[in-house]
Amino acid sequence: MDARPIVTRAGQESGATAQSGGLGFMTGVGGQSTPSARLWFGKAMNAPGFRSLPHHHGEAETGAYLLSGKARIYFGEGFAEYVDLSAGDFMFVPPFLVHLEANMSTAEECWWVACRSPANIIVNLPDVDDAILAGYRRA
C-alpha cells in the first residue's frame, strides 16, 4: 500500500457537503477530498447576524472550535436554552441533539473549525421565528 498524507490546500476546500440554511461548511478532510470514510473535518462561517436552521447531526458526534467571533447555540424545548461561545472555546454536540447556531454580532463574522464522526451529517428541520431566540437579532 502506498500510504501518504493528503493535503487539502487553503482555498481548495470542497463546499459540496451538507449545509444548514446557508451556513457555509467547507470540507478539508472527508469523502469529498480524501479517502476518509469515518471522519469529517472542516470549517464554517456565520455571516454577521446569521443563524442556521434548526438541525441535528444524526448519529454523528461533533466537536467544534470557535476561531473568531461570538456565537450562541440554542437548544432544548422551544430553543429556550442556550450556551454562548467566544473565540478560543471548544464545544461538543452529542448525536441527535436538535440545535441551531447563531452569530451574535451584527458586524463581525464567526469562523469555526469542526469535526464529525462518521461524516458531515446535517438533518435540517423546519425553521422557527427569530422572536423565540433570546437575545438574537439579524444584521
Side-chain angles (χ1 to χ4, degrees):
M1 177 176 175
D2 185 25
R4 60 178 287 132
I6 297 171
V7 176
T8 302
R9 300 285 177 203
Q12 295 180 346
E13 304 91 349
S14 173
T17 188
Q19 306 286 329
S20 181
L23 181 62
F25 280 107
M26 294 163 270
T27 300
V29 174
Q32 298 84 355
S33 55
T34 71
S36 177
R38 296 185 308 250
L39 174 68
W40 179 87
F41 183 56
K43 63 184 180 181
M45 188 271 290
N46 289 55
F50 173 85
R51 71 168 176 86
S52 69
L53 292 172
H55 63 280
H56 65 79
H57 301 289
E59 66 182 295
E61 292 186 324
T62 300
Y65 178 79
L66 189 60
L67 291 166
S68 66
K70 294 196 179 291
R72 179 170 285 175
I73 309 302
Y74 293 92
F75 62 98
E77 183 74 28
F79 298 98
E81 297 181 65
Y82 58 85
V83 294
D84 289 324
L85 294 94
S86 296
D89 290 344
F90 287 90
M91 175 180 62
F92 171 73
V93 179
F96 298 102
L97 177 69
V98 175
H99 64 285
L100 63 87
E101 54 267 340
N103 182 346
M104 297 306 284
S105 171
T106 58
E108 298 178 16
E109 297 175 337
C110 276
W111 278 94
W112 305 80
V113 290
C115 62
R116 292 202 179 93
S117 182
N120 188 34
I121 300 166
I122 298 178
V123 178
N124 288 311
L125 301 169
D127 204 359
V128 295
D129 191 304
D130 289 350
I132 72 166
L133 303 172
Y136 173 72
R137 68 180 205 269
R138 292 186 186 260

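Note that the structure is predicted; figures quoted are calculated from it, not measured. FYI, side chains are in, hydrogens and waters are out, and symmetry mates aren't considered; it's all heavy atoms of this structure.
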N/O donor-acceptor pairs under 3.5 Å from side chains in residues 73-83, not counting sequence neighbours:
unit_1: Tyr74; atom_1: OH; unit_2: Ala134; atom_2: O; d: 2.6

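- For residues 106-139, the set of pairs meeting the ring-ring contact (aromatic ring centres under 6.0 Å, His included) definition, not counting sequence neighbours, is empty.
- The CG atom of Asp84 sits 9.5 Å away from atom CG of Asp89, with the distance rounded to the nearest 0.5 Å.
- Under the rule for a side chain to side chain donor-acceptor pair (under 3.5 Å), the partners of Thr62 that lie at least two apart in sequence or sit in another chain are Arg116.
- Listed for the Asn103 side chain is a donor-acceptor partner under 3.5 Å among the backbone atoms of Glu108.
- Residues that satisfy the side-chain contact (heavy atoms from CB on, under 4.5 Å) test with Glu59, not counting sequence neighbours, are Phe96, Pro118, Ile121.
- A donor-acceptor pair under 3.5 Å is formed between the side chain of Ser52 and the backbone N or O of Glu101.
- Every residue meeting the side-chain contact (heavy atoms from CB on, under 4.5 Å) condition with Pro48, not counting sequence neighbours, appears here in chain and number order: Glu109, Ala139.
- Applying the side chain to side chain donor-acceptor pair (under 3.5 Å) rule to His56 yields no partners; only residues at least two apart in sequence or on another chain are considered.
- Taking the ring pair (Phe, Tyr, Trp, His ring centres under 6.0 Å) definition, one finds that Phe90 meets it with Tyr65, sequence neighbours left out.
- Nearest heavy atoms, Leu53 versus Leu100: O-CB, 3.8 Å.
- Closest of all the heavy-atom pairs between Cys110 and Lys70 is SG-O, 3.3 Å.
- With sequence neighbours excluded, the residues satisfying salt bridge (Lys or Arg N to Asp or Glu O under 4.0 Å) with Arg138 are Asp130.
- Of all heavy-atom pairs spanning Ala119 and Ala60, the tightest one is O-CB, 3.7 Å.
- Partners of Ser117 under the side-chain contact (heavy atoms from CB on, under 4.5 Å) rule, at least two apart in sequence or in another chain, do not exist in this structure.
- The minimum heavy-atom distance between Pro54 and Pro126, with the atom names listed, is CG-O, 3.4 Å.
- Legend: salt bridge (Lys or Arg N to Asp or Glu O under 4.0 Å) pairs involving residues 32-45, not counting sequence neighbours, sorted by first then second residue: Glu13-Lys43.
- Of all heavy-atom pairs spanning Leu66 and Leu85, the tightest one is CD2-O, 3.6 Å.
- Residues Ser105 and Ala107 approach most closely at OG-N, 3.0 Å, considering heavy atoms.
- Residues Met91 and Leu97 are members of one and the same hydrophobic cluster, defined by side-chain heavy-atom contacts under 4.5 angstrom among Ile, Leu, Val, Met, Phe, Trp and Tyr.
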